[in-house]
Amino acid sequence: MLANEPLLPREFFLLPPDLVARRLLGARLLRRWNGAVLAGRIVETEAYFGHGDPAAHAAAGCTARNRVLWGEPGHAYVYFIYGLHCCLNVSCEPDGSAGCVLLRALEPLGGVAAMRGLRGLGERAAPHLVASGPGRLCQALAISRAGLNGADLLDPNGELLLAASEAGWVPGEVAVTPRVGISKAADRPLRFFLAGNPCVSGPRGPQLRPA
DNA sequence: ATTACGATCATCT
DNA sequence: GATGATCGTAATC
């Protein structure tokens, strides 16, 4: 059951988004769906700051779309983009600050057949096609704005939550690059991923120094 | 391997 | 009215 998983503590998300993004690598995202549990390891993240970050949605100030960013940390900010995709963020920083972390890719761990189905992939599709990329991640876990935007990811009874990595799991090297797909502040090194993991999306280099 | 483009719509100017 | 934290397909090198 999901309720037995060791969830991340709320304090984990009080830190600035770059630190949270870095530390979220290796953690697991769990989704209760249709009586099954879909699970994946977070292998790629991006940090967006609540202040001084023109690429962040929070730069527009508090609006109807992004208001969850200003609330309690550890909640889901889900938004619709390019007319057909959703992206999932985790709010961080204390109440009143709007930092967040975009979850960009998962390594599938459980419920993989269901995830392939949600993605419209064949049974033989490679794992790295299942949830690598923010839009693919949401499709693979049946995450949409309706229902999950604003959800508390630290509620053991919730449908979507963040669990610690397995006991004994050891993170490998972390790589850092500029963020993907943005036009403003495109030079800041705020994308983090597990070096060498095949489920990472997008460019894998050149890498900057590990944090 | 790399580049280009269309899909499609909520949100903001 | 323009833009966008993307993806899949197609074309070209």
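Keep in mind that this is a model prediction, so the values were computed, not measured. Chain identifiers are assigned alphabetically (A, B, ...) following the order of the sequence lines, protein sequences preceding nucleic acid strands; residue numbering begins at 1 within each chain.
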> With both distances under 3.5 angstrom, what nucleotide forms a Watson-Crick or G-U wobble pair with C/dA5?
Replying inline: none

> What is the base-pairing partner of B/dT8, counting Watson-Crick and G-U wobble geometry with both distances under 3.5 Å?
Replying inline: none

>> Let me confirm one number: the OG-CG distance from A/Ser201 to A/Leu129, rounded to the nearest 0.5 Å.
In response: 12.0 Å

> Using 4.0 Å as the upper bound for N to carboxylate O, is an ion pair formed by A/Glu46 and A/Arg104?
Replying inline: yes

> More 5' along DNA chain B: A/Thr63 or A/Ile81, using each one's nearest nucleotide?
Replying inline: A/Ile81

>> On DNA chain B, does the nearest nucleotide to A/Tyr82 precede the nearest nucleotide to A/Arg145 from the 5' side, or the other way round? Give the residue.
In response: A/Tyr82

Specify the separation, in whole Å, of atom [atom1] of [X] and atom [atom2] of [N].
X	N	atom1	atom2	result
A/Ile182	C/dG4	CD1	P	11 Å
A/Arg119	C/dT6	CZ	P	14 Å
A/Asn66	C/dG4	CG	P	16 Å
A/Leu84	C/dT9	CG	P	13 Å
A/Glu46	C/dT6	CD	P	7 Å
A/Gln139	B/dT8	CD	P	14 Å
A/Leu102	C/dG4	CG	P	16 Å
A/Leu129	C/dT6	CG	C1'	15 Å

When we call it a touch if two heavy atoms are under 4.0 Å apart, what does [X] touch: a base, just sugar-phosphate, or nothing?
X	value
A/Gly135	sugar-phosphate
A/Ala60	nothing
A/Arg179	nothing

Just compare [options] and give me whichever is closest to any side-chain atom of [X].
X	options	value
A/His85	C/dG4, C/dC7, C/dG8	C/dC7
A/His57	B/dA7, C/dG4, C/dA5	C/dA5
A/Phe80	B/dA10, C/dT6, B/dA7	B/dA10

Within-4.5 Å side-chain heavy-atom neighbours: [X] and [Y]:
X	Y	value
A/Leu141	A/Leu118	no
A/Tyr79	A/Asn66	no
A/Arg136	A/Val130	no
A/Leu162	A/Ile42	yes

> Where each residue is assigned the nucleotide of DNA chain C containing its nearest heavy atom, which of A/Gly133 and A/Ser183 is assigned the position nearer the 5′ end?
Replying inline: A/Ser183

>> Under the criterion of centre distance below 5.5 Å and interplanar angle below 30°, is A/Tyr48 classified as stacked on the base of C/dA5?
In response: yes

> At under 4.0 Å, does any side-chain N or O of A/Arg104 touch on OP1 or OP2 of C/dT6?
Replying inline: yes

>> When you measure from the side-chain N and O atoms of A/Arg136 to the phosphate of C/dG8, is any distance below 4.0 Å, counting only OP1 and OP2?
In response: yes

